Each structure stands twice: as structure tokens, then as C-alpha cells.
Amino acid sequence: MNTIKVTLKDGSVRELAADASAYDLALDISDGLARQSIAAEVNGKIVDLNRKIDDGAEVRIITVNMPEAHEILLHSTAHIMAQAVKRLYPDAKVTIGPALEERFYYDFDMPQALTEEDLPRIEAEMEKIIKENQLVSRSEMPRDAVKAFFKSINEDYKLEIIDEIPDEETVSVYSQGEFSDLCRGPHIPSTGKISAFKLLSVAGAYWRGNQQNKMLSRVYGTAWPDKKGLKKYLNRLEEAKKRDHRRLGRELDLFEINEQVGMGLVLWYPNGALLRRLIEDYWYKVHRQKGYELVVSPHVGKADLWETSGHLGFYKESMYAAMDVEGQDYFIKPMNCPFHIMIYKSHQHSYRDLPIRYAELGTVYRYELSGALHGLMRVRGFTQDDAHIICTPDQLNDEVEKLLGFSFDYLKTFGFTEFEVYLSTRPDEKFVGAPESWDIAQKSLKDSLVNMGIDFKVDEGGGAFYGPKIDIKIKDAIGRVWQCTTIQFDFNLPERFEMKYVDADGSFHRPYMIHRAIMGSLERFIGILIEDTAGRFPLWLAPVQVKVLPIADRHFEYSQEIALMLEEAGIRVQTDARQEKTGYKIREAELKKIPYMVIIGDKEAGEGSLSVRKQRLGDLGTMTPQTFLERLQTEIATKQKE
RNA sequence: GCCACCAUAGCUCAGCAGGUAGAGCGGCGGUUUUGUAAACCGUUGGUCGCUGGUUCGAUUCCGGCUGGUGGCUCCA
């Protein structure tokens, strides 16, 4: 009998029967490994476990617990779900069902939309399929045969997908029991390999995400190597729920979005407004330090301005309707740029004046679909931490590098340490400006990133029509990623507004312009900050920093003294003089996530000391008022995170 | 905007196979002078989101609207 040789990850070589599959290899190594295995990596490519191995291949068995296995688990579970749905609702047509990062979904075209109530039934049917432990098999077939097959079972969507698969790619079908699905794979060897899954929600989703198309029923679910993993994930969802900024916003009295005021419009309560103001103050301070000039622009502008800027041409669907002012149309601003440009144009500028950096916390209004609104994260009126940098072509590199450094420093100040950076380049079809200008700008952006040693991904063709951009996303405390900073070139507006500067030789030139926002929007950034910190803001941002808790009425006078001393030192302090037990006052301060509590009883009043308690950590012991104040001041000055 | 679901006291929620509602917390009043996450007693809170319809009668059933949630799309 012929044999083949395969190399394992550790470099060792094994001899197997000529027709051996990856599973046979796993079995040959150990029964335990075989049991745990769900796929194999052959010559760097992840394939099905029952795929035959070629002689000389380098093979690694993928077991359920490996990170690479998760996507397969999710994807295979999606198939099991589709199978279950087809069993329960034979009229359902399957469409697509990919794995996401920790979840999967499958979209179905249903005669009647699925609801939450259908989920337990589907889950039960899935359990059955898993118990049946059906073998999952892959077959590669000629396109026509595949099409004929899906046509025979009325899966129209699959036909549409097949037509879009590039010719050079092989078309494969995965089958388990009575269910077959067009799929690239790989998949688990049999349905019994799934041991922990849960369906999470149903939602509507347009076929191919296009509003013109039919609304499908989407079911989201998740799958994990074991029950423990599933439980951990579900706990994480719970944790995220606890951090939900909408809930904390109410609990901590930060803000409200009021029905009578209007959807997507934020009312900032005193605590939230204070938090916001602290961020604004810091923002103004560092921008002045970084050479920005602060400008202020109006909330509305005449139609002519928006005509010139092109917004009425390409952005109208996001703008609110015109208002008539003495026979003239005015529009509420969706962006600040035209105003900043008008400020630039008010004077003639020499090359010596550049770069000019105009910054404004500019509140803009954009029409967002009602269904897209979400707490502070997506609203209709929001404040951009906007700035426009106007410079000469040879100042570009320097400006971009400064800007990147500034952005990272700024975000780090708020405790964010992990970033994802994206460079988006010129779109294929629609763009303004000369391709050469794009090349210069893109090169400048790229060089800056490389020079600064920043890891980034390139989103080829992902730029706006008016220029390439760099986006920075931040990762929060529970690993979620949020888009904040955006640094965008603009070849459009300088042209439209005929911006210019006078060069050394006296000739006029068009300056380069960069739009940038570091936080993106204040509303959204604060929303992210709330979720990142779970409402436990760093001391420098906490609306109330210290709560003074006299134990009995006789301690009130000394408590007042302490509160006054702290207040005079610039600490935001409140005294809880109610006739309540200390435990009760502490509990309340804890729930309001006030960073420090100062407890004052006979002992403290007698010796002129303080008993200090830190939120969540508990009793820090007794210290002098001076020591405590110094501790606070250090923590504030260093903007230390909780 | 579209699909599904949801809307009961300030908050969290129970209830009603149709006969106009209840708890805990909070608020208020009192007693307690209190030591590191909830003292005790009393009391006040609701056009059951709005609006039509069915019905002798609707918070409950049906329709419309408004708002919210999860998605789709877009993006700060």
C-alpha cells in the first residue's frame, strides 16, 4: 500500500496511508486530538477535516479551542440554523449566513417574518440536528450542476450568488442530512461537534443591504467551543448592558433625549453639562497650545453658501429643509467648513501665514434616519471638535505628523491606549481633484504613518470623493472598537471657494486643506467615555469628585470646614448632611460613582483628620486633610484613569 | 425610512382569558444621632404613550399615530 509523508507543526514527520484525511492524521496522533479536532490547516490553508492530504504537506490540526476554530464553529452553526429553519418553515428561502466576529447570522426570505418567539423552536430543532450528528460533506461540482440543483429546490438567492462567484473559483456545496448549502467552507465534520450555541435576536435586513430590495428575516446567534465559553460571552453582553450609556446617563443624571424636544436631540443635565464643559475646556486649552486659532461660526447660512460648497448638491439628503428669512433660503449647518473657509477668505494670505489652523467646537445638525438614532452615539444635533488646516503642499507632511501625534496624545489623555488606524484612498470612479494631487496627499498620509511607526490598514478606494483620509478607531475597556478621529484631505472646497495664498514669487496658489476631528463628536465621545469607564470617570472629569459624609449632626460643622477647604482648592465637593446611616450614604455615593468619600465622625473631628474611602476600592484609612488634598491634586493633574 | 418587538407611578417591574391597577426603590412626614454598599413607621405617586374602532364596558382585543429597542443603510 502506498503511503504519504506529512510534516507537523513541530517539524516531525508522519507516515500515513495514501488516501488519509486530516482526521486520519489526528487519529494517528491521539484519540483525544481527534475528538477535539474540527478542521485542519494544510499548507497554510484551513480546510475540512475529512479533506485528503497530499504527500509532503505541512499539516496542523485545528481543535475547537483554537482561535481559528471559532469562525468555523460560527459558520457551521449558521448552517445548522438554516437547516432547522428549513425544517420548520419549508417555504423559507435561504440567502446568506456568514460568521461575524463572535456571532453569526443567517438571512431568510420568509413568507411571514420571523419573530423573537420563533427562536426557541428553532433552537430546539437545532439541538435535534446536533444530536443526530449528521455528517457534513463537501462536494465540488460544475457550475451548471450546482445551478440546476439549487433551481430544483427553489433557492433563487443561491442562483444569484453563484452567478457572482468569479469563474476561476471552484463552486462547492456543503450537505448535512437533507440540507445543502452553497458555501466556500470550511465546516465542522459533523453537526454533533457543536456543543454550545444560542440564538440572540431577529432583525430585518435588506437583501444585499439595499433598500430597494426585499426585506429578509435575519436571525443572529452565537456559538462557542463549550458551555463555559458561551456563558462568558453572554455575561459579556450583560456587562455591556450595564455599561450602556443611555442607562448610565439616567442613573448618573447626565443627559436625556426627550420625546417632546425631538428625537436625536440631547438635553444635557447639570452633571453631564459639567462633564462636557470639562472636556471642552481641556480641548480649548490644548488647541491653543498646538497652534490652533479658535473661531466661532453661526448655526445657519444662506443657500448661496451651501450652493458654493456643493452641500446642496451632494449632501442635501442629510440636511434639514430650508427656512425662509425675508425671502431668502437659509439652511441649518450640517458642517462647519464653509464658515471656516469664509474666515480664511476674509483676508489675503501670504505663504508666510501658513499653516493656518482654525478650530471650533461647532454644533451641526444632520438628518439621520429615525431608525439609525441611538442614544448619544447617533443623534441629529451634535458638536464636532472640528478644525481646518490650511497649508502649502510642502507643509503637508509636517502637519499630518503633528496631527497624528496630537490625536493619539489627546485620546490617550482620556485613557484610550489601543487604536486601529485606517488609510482610505481614492475611489475608483467618482472623485474630484487631479490624480497627482491625490497621490501627493496619499503619500503624505502614508509616509507620516510609516515615519511614526504606526500600524495601519489600507482601505483601497475607501476615501471620500473629495479626498483621502486617515481614521483612528479606539478600543474601549471591554474590547469594542469605536470610530473617533478622522483626518480628511479636501481637494473640493479649496477649488469651489477659490481659496488661495500668495507665494514667495508673488503668484497665487491653491492651498491644501485638511478637515479633522479628534473626538469626532462630543456627544458620541462622551457616550463612548461613559461606556468605557462604566460611568466611573477619571477624577479630573468626575462631576462630583468628593462626597463628605458626616456621621452624626455634631460632625456637620467640621465637615463643612473640610468641604470648604477642598472647594477653595478647586475640588468639586458635596456634603451629605441628611439624617441617614453612614452605610446608606456610602451606598448612594457608590451608586452615583463618586470617586472619593470622606467620612467624618468623632475621631476625625477630634483629631482634625479624615477617613477616606475610594469608590469601589473601599476604606483607605485615616489621613490629614492636606495629604488627601495632595492626593486628589496629583490624581487630577496626571488625569489618572480610575 | 424599512422589518420585528416594546410602551403600566420619577426608576425597575408585576397585573388584567375585557369590569378604570399593584410591589420595591425614590419623594414627602415622623421616630432614630447613626462608623465604611440599604434603620423603622406612615404617606404621596398613574387619563396604564396618544388616538380611533369593537363592546353595556377597553389599560387589556383590533387599526392608526408617537416614541423606544435590535437590525438593514449611512456615518461623528
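Keep in mind that what you see is a predicted model, and the values were worked out from it rather than measured. In the text below, chain A, chain B and the rest are named by the order of the sequence lines, each starting its count at 1.
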Under 6.0 Å between ring centres: does that hold for A:F314 and A:W306? no

Please tell me whether A:F491 and A:F431 form a close aromatic pair, meaning their ring centres lie under 6.0 Å apart. no

Which part of the nucleic acid, if any, lies within reach of [X] when heavy atoms closer than 4.0 Å are counted: base, sugar-phosphate only, or nothing?
X: A:A113; result: sugar-phosphate
X: A:K603; result: base
X: A:Q579; result: base
X: A:E368; result: base
X: A:D602; result: base
X: A:G583; result: sugar-phosphate
X: A:M263; result: sugar-phosphate
X: A:Y220; result: sugar-phosphate
X: A:G371; result: base
X: A:S370; result: base
X: A:R616; result: nothing
X: A:E604; result: base
X: A:A552; result: base
X: A:R613; result: base

Earlier contact from the 5' end, RNA chain B, for A:R250 and A:L591: A:R250

Using atom types as modelled, flag every donor-acceptor pair under 3.5 Å from a side chain in residues 403-421 of chain A to any protein atom, sequence neighbours excluded.
residue, atom, partner, partner atom, Å
A:S407, OG, A:L403, O, 2.8
A:T413, OG1, A:Y282, OH, 3.2
A:T413, OG1, A:D409, O, 2.8
A:E420, OE1, A:Y422, OH, 2.8

[atom1]-based separation of [M] from [N] [nearest Å]:
N: B:C11; M: B:C3; atom1: C1'; value: 31 Å
N: B:C56; M: B:G18; atom1: C1'; value: 12 Å
N: B:U60; M: B:C48; atom1: P; value: 9 Å
N: B:G24; M: B:A14; atom1: C1'; value: 11 Å

Partner residues of A:R587 under the side-chain contact (heavy atoms from CB on, under 4.5 Å) criterion, sequence neighbours left out: A:L591

Glycosidic conformation of B:G35, syn or anti, with 90° from 0 as the boundary? anti

Fill in the dot-bracket string of RNA chain B, one character per base: . for unpaired, | for a pair to another strand, ( ) or [ ] for pairs within the strand, taking Watson-Crick or G-U pairs under 3.5 Å. (((((((..((((.....[..)))).(((((.......))))).....(((((..]....))))))))))))....

According to the 5.5 Å centroid and 30° plane-angle thresholds, does A:F382 stack upon the nucleobase of B:A76? yes

Measuring from the side chain of A:R554 (C-beta onward, heavy atoms only), which nucleotide among B:C2, B:G71, B:U34 has the closest atom? B:U34

Among B:G71, B:A76, B:U66, the one nearest A:E259 by side-chain distance: B:U66

Side-chain donor/acceptor pairs under 3.5 Å, residues 110-122 of chain A, sequence neighbours excluded:
residue, atom, partner, partner atom, Å
A:T115, OG1, A:E117, N, 3.2
A:D118, OD1, A:Y89, OH, 3.1
A:D118, OD2, A:T115, N, 2.7

For A:D386, which residues count as a salt bridge (Lys or Arg N to Asp or Glu O under 4.0 Å) partner, sequence neighbours excluded? none

Pairs under 3.5 angstrom only: tabulate donor-acceptor contacts from the side chains of residues 201-209 of chain A to other protein residues two or more places apart or in another chain.
residue, atom, partner, partner atom, Å
A:W207, NE1, A:E160, OE2, 3.2
A:R208, NH1, A:E164, OE1, 2.9
A:R208, NH1, A:E164, OE2, 2.7

